[in-house]
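Only heavy atoms go into these numbers, but all of them, side chains included; no hydrogens, no water, no symmetry mates.
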Amino acid sequence: IYFFFFTYLAAVVYSQTLLFLWFIQNGISFQKIFSYFLCMYVSALGIPLLLSKWRVSSRNSLMLGIVTSALAVALASFLQLGAVLYLVAFFFGINMIFFWVVYDTLYFKYSESHEYGFKSGAYFLIGPLLAVVLSPMSGIIVDKFGFVFLFMTSMIFYVVPFIFVFFLPNVEFEFKTREALFRIEHPWLVFFLGYLFMLTFNIIPLFT
């Protein structure tokens, strides 16, 4: 489970670190980027509501999550076509549900309760560690070969976690979205976590 996450996050960091810069270089305005975020989050909210009571195996869900992330990156190569920006956002919205929700559940399902603090720390440390190596590497590749080359070579990175999905535990999930919404134990903590996520990964990068 941990090595799988490492390989998936490597693909994400390598392919998506400079995505905003690519948007700007293609003449995408800040207003359109905000509408891109809106499309992404509306998709991520709407899909679980539409799939209420729907069952899916963790293996199929993670495979779909990896494929939609890779598709979004590949489609980003064709930003010159107007609606592609929102298609990229839609695929990333699907990825949020089918990859992140299921993986987060598996991560803690196979951890003992006394390990949660340590495992949470390890979980959030992997991203920055990978970024130290892969972000400069992405910059060098873009500088020498261009963005499209970066996006296309990232497909190789995505193949690795896709293969490792077959070695993970396979658990059946049911989308009980409405029930889950009413059973959130600490809604304000969840709200502020979402706010900090958007501030850190959306607003600050866009501003800078």
Side-chain angles (χ1 to χ4, degrees), residues 1-13 16-17 19-20 30 33-59 61-62 64-66 68-69 72 88-132 135 161 168-169 171-208:
I1 284 176
Y2 312 117
F3 186 70
F4 163 78
F5 182 58
F6 182 87
T7 61
Y8 174 75
L9 211 57
V12 169
V13 172
Q16 297 176 34
T17 296
L19 202 56
F20 286 173
F30 292 124
I33 294 177
F34 276 112
S35 63
Y36 158 88
F37 287 135
L38 184 63
C39 178
M40 184 194 303
Y41 292 126
V42 166
S43 301
L45 284 169
I47 290 165
L49 291 170
L50 290 172
L51 298 179
S52 187
K53 304 298 181 183
W54 194 63
R55 291 179 178 272
V56 63
S57 71
S58 59
R59 186 168 293 163
S61 184
L62 291 172
L64 180 60
I66 294 166
T68 50
S69 182
V88 170
F90 176 68
F91 280 129
F92 278 138
I94 296 174
N95 166 263
M96 282 185 192
I97 300 304
F98 286 98
F99 183 88
W100 290 105
V101 171
V102 170
Y103 180 77
D104 287 351
T105 306
L106 283 180
Y107 187 90
F108 289 104
K109 178 180 173 65
Y110 290 95
S111 301
E112 299 292 337
S113 58
H114 66 273
E115 297 178 314
Y116 286 169
F118 173 78
K119 294 289 175 66
S120 295
Y123 181 89
F124 286 103
L125 185 61
I126 292 173
L129 288 176
L130 283 170
V132 168
S135 295
L168 296 181
V171 180
E172 190 174 78
F173 283 82
E174 182 180 353
F175 284 88
K176 297 183 177 179
T177 311
R178 291 178 180 84
E179 292 176 36
L181 286 172
F182 290 104
R183 291 176 60 184
I184 296 174
E185 293 183 4
H186 305 288
W188 282 107
L189 287 177
V190 174
F191 172 81
F192 282 114
L193 180 63
Y195 174 80
L196 289 171
F197 177 88
M198 286 197 295
L199 185 69
T200 305
F201 292 100
N202 302 156
I203 307 302
I204 291 176
L206 190 56
F207 175 78
T208 50

Which pairs count as side chain to side chain donor-acceptor pair (under 3.5 Å) when at least one residue sits in residues 46-55, sequence neighbours excluded? Ser52-Arg178, Lys53-Glu179, Arg55-Glu172, Arg55-Glu174
Any side-chain heavy atom of [X] sitting closer than 4.5 Å to one from [Y]?
X: Val13; Y: Ser135; result: yes
X: Phe173; Y: Ser58; result: yes
X: Tyr103; Y: Ile1; result: yes

Which heavy-atom pair separates Phe6 from Ile126 by the least distance, and what is that distance? CD1-CG2, 4.0 Å
Which heavy atom in Pro161 sits nearest to a heavy atom in Phe4, and how many Å separate them? O-CE1, 3.2 Å
So with a 6.0 Å cut-off around OH of Tyr2, is the heavy-atom count from everything else above 12? yes
Side-chain (Thr68) to main-chain (Leu64) donor-acceptor, under 3.5 angstrom: yes
Could you grab the distance from atom [atom1] of [X] to atom [atom2] of [Y], nearest 0.5 Å is fine?
X: Leu9; Y: Gln16; atom1: CG; atom2: CD; value: 9.5 Å
X: Leu50; Y: Thr177; atom1: CG; atom2: OG1; value: 9.0 Å
X: Leu62; Y: Ser57; atom1: CG; atom2: OG; value: 8.5 Å

Just jot down the side-chain contact (heavy atoms from CB on, under 4.5 Å) partners of [X], sequence neighbours excluded, or say none.
X: Pro187; value: Ile184
X: Val42; value: Leu38
X: Ala180; value: none

Could you tabulate the donor-acceptor pairs under 3.5 Å formed by side-chain atoms of residues 92-99, not counting sequence neighbours?
residue: Asn95; atom: OD1; partner: Trp100; partner atom: NE1; Å: 3.3
residue: Asn95; atom: ND2; partner: Tyr8; partner atom: OH; Å: 2.9
residue: Asn95; atom: ND2; partner: Gly65; partner atom: O; Å: 2.8

Show me, pair by pair, the donor-acceptor contacts under 3.5 angstrom made by side chains of residues 190-208, not counting sequence neighbours?
residue: Thr200; atom: OG1; partner: Leu196; partner atom: O; Å: 2.7
residue: Asn202; atom: OD1; partner: Tyr41; partner atom: OH; Å: 2.5
residue: Thr208; atom: OG1; partner: Ile204; partner atom: O; Å: 2.9
residue: Thr208; atom: OG1; partner: Pro205; partner atom: O; Å: 3.0

Would you check, one step at a time, whether the test side-chain contact (heavy atoms from CB on, under 4.5 Å) holds for Thr17 with Val12? CA-CA 8 Å; Thr17 296; Val12 169; over 6 Å; no
